[in-house]
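First comes the structure, then the notes that go with it.
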There are 4 protein chains.
Amino acid sequence: MGASYHTDTFDKIPEEKRERILRAAAEALGREGISGIRMAEIAKSAGISHGSLFSYFPTKDHLVRAIVSRGADMERERFDVPPSGDFKSILETVLDSAWETASDEEGLISLWLSLSLRENARFADDVLPLERDAAQRWSKLVDTARDEGGIDSRLDPRFVAFLLDAVAAQLMKSRASDLERKKFDLVLPDIKDPAAFIARNLAALLRRE
Amino acid sequence: MGASYHTDTFDKIPEEKRERILRAAAEALGREGISGIRMAEIAKSAGISHGSLFSYFPTKDHLVRAIVSRGADMERERFDVPPSGDFKSILETVLDSAWETASDEEGLISLWLSLSLRENARFADDVLPLERDAAQRWSKLVDTARDEGGIDSRLDPRFVAFLLDAVAAQLMKSRASDLERKKFDLVLPDIKDPAAFIARNLAALLRRE
Amino acid sequence: MGASYHTDTFDKIPEEKRERILRAAAEALGREGISGIRMAEIAKSAGISHGSLFSYFPTKDHLVRAIVSRGADMERERFDVPPSGDFKSILETVLDSAWETASDEEGLISLWLSLSLRENARFADDVLPLERDAAQRWSKLVDTARDEGGIDSRLDPRFVAFLLDAVAAQLMKSRASDLERKKFDLVLPDIKDPAAFIARNLAALLRRE
Amino acid sequence: MGASYHTDTFDKIPEEKRERILRAAAEALGREGISGIRMAEIAKSAGISHGSLFSYFPTKDHLVRAIVSRGADMERERFDVPPSGDFKSILETVLDSAWETASDEEGLISLWLSLSLRENARFADDVLPLERDAAQRWSKLVDTARDEGGIDSRLDPRFVAFLLDAVAAQLMKSRASDLERKKFDLVLPDIKDPAAFIARNLAALLRRE
DNA sequence: TATGAATGAGATTTCATTCAT
DNA sequence: AATGAATGAAATCTCATTCAT
């Protein structure tokens, strides 16, 4: 689904090599930023020649779109299996997963955050569908939890969805860079398992008394 | 307080011109990003020669730091007067102010967001003090509200501070770019005054029953 | 031996091209001086794009050092074979060789002279070893000639070495520029073979009676 | 005598200020070189404004010529009084004076050396008359000394003049930069008074037996 | 006349993209 | 298909010279 940003040549090389290139490119993009990274550096860290990279992706913009789309696809897969259980445990699972992913792939988070900048507006189309899915997921989660009593039914479901989204975003953002990690520690110092801490408190807050 | 990133020459030119340059630079930085912006473009949009721009700021890095520091100073001023009233009205004031500022200055928000990226780690020192202030402000607000009954005293104050910070960040972020505006509309469609809506619901949620 | 001032890429291009570039750079440096030469001009006279020149030498400073070092290496080779014969013929050979080299490569002489200027102190390390060798060569030559009767043994050998060095330097310098050529003609007008003339007179002067 | 390279304005300012500017300019030129020095830096070290410097000298080239001409004039004055006495003491006086001058004004020496470079050929006209005088002085000195027995009459006077010039040049050059000082110490280590040492040995060498 | 801010041509350097091998 | 050297447009930065005050 979605446009293809690579050449036929890229389709013909071994799966393993393809993966390696995409992974290296994503890491490099996360580390140096979209306009900060140089094609030569991506090629080098992927272990291929400068020329080959251009034979796989016609321009730098194509490569960026390919990485962004792939990130979106991976994210989509991650949420393919809807979580089950009561609201509190679902929240724990979701926030923990977000926290773990962000911790493992700070580069990807940094890249994903950079898509919200005005300067990168031209890549927005490649993530908007994903955001639509995410919004629907929050919405569905809230509806279900309201039915099952995990969320006080007097609360506006749109507000709750916004809250959950904001919390998840803040949690992930706090793994993106040194600055964000320091900021996080200013607000929540000495918390061993932040995702669980937030999930627990949030579930308690939202449950009707 | 804080290092100065401009030359003596810059101090000597008319206040009006100085403002114009800083404003143009901030706008351009917000629009094109730290590594995407070109000095020539800033000079042009400020109506000066690019030779002059370099006579004010020794390097592009100096200019970026000057803008970032200035943004931090402006932010600090904005919060210099502590809000008064009950928790709900304070929250309304704070979120509304955040919303208005972000709407007026989406470029600054975009720039401020970009400081959280790994690639811009070297500018972190210029905003960390500001973040420290912000964390303290949230903390103080929560403490006061707990004392006065605006916040249920059984809630962990660190969690509440985190929640307020996340909500404010999300609200501001939603003004930074087209993408974020669209995302926001997916979660909170047809809300006329989002800041007030969030403030109202949040205050109700956090108040003891 | 000595640091390398060029990139790997430069090692990989054809020998012939490498030589052409170094020669063009040396010629241009000699002609326009270290701070007067422009990289674009060197590239042009070497018949390459100036992008390529920077892919061979990271900065202008690197290129200058490469040329200076190379000049030193060439000089070292030139004196690798110790001259033989009696003092007078050795002196004739040495001064003639100096004269010929200087006449062929006035640019190199001009460059070499410029290394003695205060402004170019930072390149001194690249030629000092060569000067050390030269001093030792004079010293050895004097010692041998004293033993063999070519130099009056009552003369202070350090003084003789200084004299030989001064004469050789003056001879070479007189080929560096129009000014020096004119100065030389003022002192030694109508001498057909200056190197031989100086060598002959100097040998006669230094020989014991 | 010689063209004037400054404006009328420069003639009207106080003698003391004029001197200060010329001195500072000479020092700066010697330190950083003709194409390396910046007009702004000269103005600053002379304690005048950037604009004033240009109101005194129409272009940088004019300023350089003014300094070079002035250096030549000063040199001419220095030799206005012909030295008297026997050859050995004259030689001592001359070389000692050269050594002292060079030690006091290494900047001037460096500047004077730089005029021998091809890149500075356009300034040659301003020093050639001086060189002519110098050549004549050596010539006259040799003639007199031959008559009075200070120099062996069998020696070619042109060769002797060349020798004296080379020795004086080498002596002065050895004060121009760190590199030259190091080179000098390699050839003549541990000599307390080099000028006297050279003069004494040279006089002995040239005197008839 | 003195000042120093302003200018812009020109220098160094970077890097996406091309292309010969 | 793969390589990496070559290219040149464009960016950062410098500085002699001008000119308004």
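By convention in this document, chain letters (A, B, ...) are assigned in the order of the sequence lines, proteins followed by strands, and residues within each chain are numbered from 1. Keep in mind that the numbers below use all heavy atoms, side chains included, and drop hydrogens, waters and symmetry copies.
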In whole angstrom, what separates [X]'s [atom1] from [N]'s [atom2]?
X	N	atom1	atom2	result
Ile42(A)	dT3(F)	CD1	P	16 Å
Ile34(A)	dA16(E)	CD1	C1'	16 Å
Met39(B)	dG8(E)	CE	P	17 Å
His6(D)	dT1(E)	NE2	P	14 Å
Leu53(A)	dC19(E)	CG	P	18 Å
Ile21(A)	dA1(F)	CD1	P	14 Å
Glu41(C)	dG10(E)	CD	C1'	13 Å
Lys17(D)	dA2(E)	NZ	C1'	7 Å

If you take all heavy atoms of [X] and [Y], which pair is closest and at what distance?
X	Y	result
Ile109(C)	Ala176(C)	CG2-CB, 3.7 Å
Ser45(A)	Ala24(A)	O-CB, 3.7 Å
Ala46(D)	Arg20(D)	O-NH1, 2.6 Å

What nucleic acid atoms does [X] come within less than 4.0 Å of, heavy atoms only: base, sugar-phosphate, or nothing?
X	result
Ile37(B)	sugar-phosphate
Lys44(A)	nothing
Thr9(B)	sugar-phosphate
Tyr56(A)	sugar-phosphate
Thr59(D)	sugar-phosphate

Legend entry - Carboxylate-amine/guanidinium contact Glu15(B) Arg18(B), below 4.0 Å: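 Counted as a salt bridge, because a side-chain N and a carboxylate O are separated by less than 4.0 Å.
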Base partner of [N], which must satisfy Watson-Crick or wobble distances under 3.5 Å:
N	answer
dT14(E)	dA9(F)
dA20(E)	dT3(F)
dC15(F)	dG8(E)

Legend entry - 5′-ward residue of the pair Gly51(B)/Asp8(B) relative to DNA chain E: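 Going by which nucleotide is closer to the 5' end, it is Asp8(B).
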Legend entry - Whichever of Gly47(D) and Pro58(C) has its nearest DNA chain E nucleotide further upstream toward 5':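 Going by which nucleotide is closer to the 5' end, it is Gly47(D).
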Legend entry - N/O (side chain, Ser52(C)) to phosphate O (OP1/OP2, dT7(F)) under 4.0 Å: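 Looking at the OP1 and OP2 atoms of dT7(F), one of them is under 4.0 Å from a side-chain N or O of Ser52(C).
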Inset, instruction - Taking only the side-chain nitrogens and oxygens of Lys12(C), find out if one of them lies under 4.0 Å from OP1 or OP2 of dG4(F). - result: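 No, outside the criterion.
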Select one nucleotide: of [options], the one nearest the side-chain heavy atoms of [X].
X	options	answer
Ser55(A)	dA5(F), dT7(F), dA2(F)	dA2(F)
Phe54(D)	dA5(F), dT17(E), dT17(F)	dT17(F)
Ile48(B)	dT7(E), dT3(F), dA5(E)	dT7(E)
Ser49(D)	dG4(E), dT12(F), dG8(F)	dG4(E)

Legend entry - Side-chain-base donor-acceptor pair under 3.5 Å for His50(C) and dT7(F):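 A donor-acceptor contact between them is absent.
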Legend entry - Upstream residue (5' side of DNA chain F) when Lys60(B) and Ser35(D) are each assigned their closest nucleotide: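 Nearest nucleotide further toward 5': that of Lys60(B).
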Legend entry - Centroid separation Phe57(A) to Phe10(A) less than 6.0 Å: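 Between Phe57(A) and Phe10(A), the centre distance is under 6.0 Å.
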Inset, instruction - Look at the side chain of Ser69(C) and the backbone N and O of Asp126(C), then say whether any donor-acceptor pair between them is shorter than 3.5 Å. - result: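 No; zero donor-acceptor contacts below 3.5 Å.
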